[in-house]
Protein chains: 2
Amino acid sequence: MSLGKKLRVTKQRQVLLDELRKVCTHPTADELYQMARKRLPRISLGTVYRNLELMAENGMIQKLEVGGTQKRFDGNVAPHSHVRCLKCGRVDDLALSLDLDMEELARQQTGYAIVRHSVEFCGFCPACR
Amino acid sequence: MSLGKKLRVTKQRQVLLDELRKVCTHPTADELYQMARKRLPRISLGTVYRNLELMAENGMIQKLEVGGTQKRFDGNVAPHSHVRCLKCGRVDDLALSLDLDMEELARQQTGYAIVRHSVEFCGFCPACR
DNA sequence: GTGTCTGCAAACCATTTGCATCGGT
DNA sequence: ACCGATGCAAATGGTTTGCAGACAC
């Protein structure tokens with residue numbers, strides 16, 4: 001979550017951040033593009049990708065480390081787990097996080113300097129099973 | 001891990017499975033392609049992808065649900081966690097698995113029918129930090 | 001005014017797929 | 001002989017990038 005350089009406040013950036021924080025789903029870049037387009041019809045997909053990347057680097061949003069073909073983004077930067085539906089791909093939150101010293105255990109076992117971790121459950125959501 | 005239909009025993013399949021079980025790294029499809037090519041120079045990348053997919057469906061190998069741009073495969077089907085280097089992308093094993101009733105907890109909280117889970121730690125490996 | 005950001009389009013890269021042929025059973 | 005599996009090449013789909021003009025500071 002190391003805060004990077006200061007970003008300029010552009011309409012595009014504001015709208016993307018706002019839309020992302022507004023929803024409880026975990027939209028893909030393309031979904032965010034569709035959402036933002038309703039307010040900024042001329043925004044481009046490239047801008048969406050660039051901003052999501054920059055905002056994630058700055059710790060303003062989270063880029064999810066989940067499976068599936070597309071990356072997903074989360075306006076909630078607090079550590080939490082996710083459940084992903086193997087059929088429809090939706091991702092939901094889960095109020096569960098590993099014990100704080102799990103990362104310490106991982107460091108001891110592997111020699112890695114651990115930055116973060118993620119727990120992902122996979123299964124079928126109520127609508128799909 | 002629901003075992004699918006029976007697969008024919010082809011040279012390509014045997015070599016891929018053998019190579020994957022031989023290593024402790026978690027190769028990408030392309031890495032496996034390079035490894036297999038030393039023994040089967042005419043094997044195609046499409047065949048590699050098709051077989052990895054089929055063998056994963058049959059529970060013979062594991063397709064890892066980790067971050068990064070490329071999918072990775074694991075010859076070890078026992079449940080375990082992974083550590084991924086944010087710089088070089090290598091993935092190592094971690095002898096750590098969640099409490100058995102974590103999945104039950106996830107089911108209660110979300111209503112999903114949980115099939116599996118994965119824990120991924122991210123950081124910098126000894127060579128990269 | 002300067003340096004960042006944007007829209008657009010082309011480029012990229014991992015993965016998938018169609019098809020004619022090959023080979024395991 | 002049948003039908004799944006293969007090699008090849010083209011197609012796909014998500015993401016990235018180069019560039020010229022626009023905009024935040």
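Below, chains carry the letters A, B, ... as their sequence lines are ordered, and counting in each starts from 1.
Side-chain proximity of B:Gln70 to the nucleotides D:dT15, C:dA14, D:dT6 is greatest for C:dA14.
Between the CG atom of B:Leu16 and the NZ atom of B:Lys11 there is a distance of 12.5 Å, given to the nearest 0.5 Å. Going from atom CG of A:Asp93 over to atom NE2 of A:His82 covers 4.5 Å, rounded to the nearest 0.5 Å.
A:Asp30 comes within contact range of no nucleotide atom at all, as no heavy-atom separation falls under 4.0 Å. Counting any heavy atom pair closer than 4.0 Å across all strands shown, B:Arg42 reaches sugar-phosphate atoms only and no base atom. Using a 4.0 Å heavy-atom distance criterion, A:Arg50 is classed as a base contact. Across all strands shown, B:Gln12 has heavy atoms under 4.0 Å from sugar-phosphate atoms exclusively, and none from any base. Among the atoms of the strands shown, base atoms are found under 4.0 Å from some heavy atom of B:Leu45.
When B:Gln62, B:His80, B:Arg21 are each tested for a side chain to side chain donor-acceptor pair (under 3.5 Å) with B:Asp74, only one passes: B:His80.
In this structure, B:Arg39 atom CZ and D:dT6 atom C1' are separated by 18 Å, rounded to whole Å. The nearest whole Å value for the distance from the CD1 atom in B:Ile43 to the C1' atom in C:dT21 is 17 Å. Going from atom CG of B:Leu40 over to atom P of D:dA5 covers 16 Å, rounded to whole Å. Per the geometry, CD belonging to B:Gln34 stands 11 Å off P belonging to C:dA14, to the nearest Å. Look at NZ on A:Lys6: it is 8 Å from P on D:dC25, rounded to the nearest Å. Here the C1' atom of nucleotide C:dG24 and the CD atom of B:Gln14 are 11 Å apart, to the nearest Å. Distance, A:Lys11 NZ to D:dA22 P: 19 Å, rounded to whole Å. Nucleotide D:dG4 holds its P atom 19 Å from the CE atom of B:Met55, rounded to whole Å.
Interface remark: the A:Arg37 side chain does not form any donor-acceptor pair with the C:dG7 base, using a distance-only criterion of under 3.5 Å.
We find that A:Glu53 and A:Lys63 are joined by a salt bridge, their nearest charged nitrogen and carboxylate oxygen being less than 4.0 Å apart. A salt bridge does not link B:Glu19 to B:Lys38: none of the charged nitrogens lies less than 4.0 Å from a carboxylate oxygen.
For A:Ser44 and C:dT6, the shortest distance from a side-chain N or O to OP1 or OP2 is not below 4.0 Å. In this structure, A:Tyr49 does not reach the D:dT16 phosphate: none of its side-chain N or O atoms is under 4.0 Å from OP1 or OP2. Side-chain N/O atoms of A:Thr47 include one lying less than 4.0 angstrom from OP1 or OP2 on C:dG7. OP1 or OP2 of C:dT6 has at least one side-chain nitrogen or oxygen of A:Thr10 nearer than 4.0 Å.
DNA chain C is contacted by both B:Leu7 and B:Arg72; B:Arg72 maps to the nucleotide lying nearer its 5′ end (nearest heavy atom per residue). Mapping B:Lys71 and A:Arg8 onto DNA chain C via the closest heavy atom, the residue that lands nearer the 5' end is A:Arg8.
A heavy-atom distance below 4.5 Å is found between the side chains of B:Leu86 and A:Arg116.
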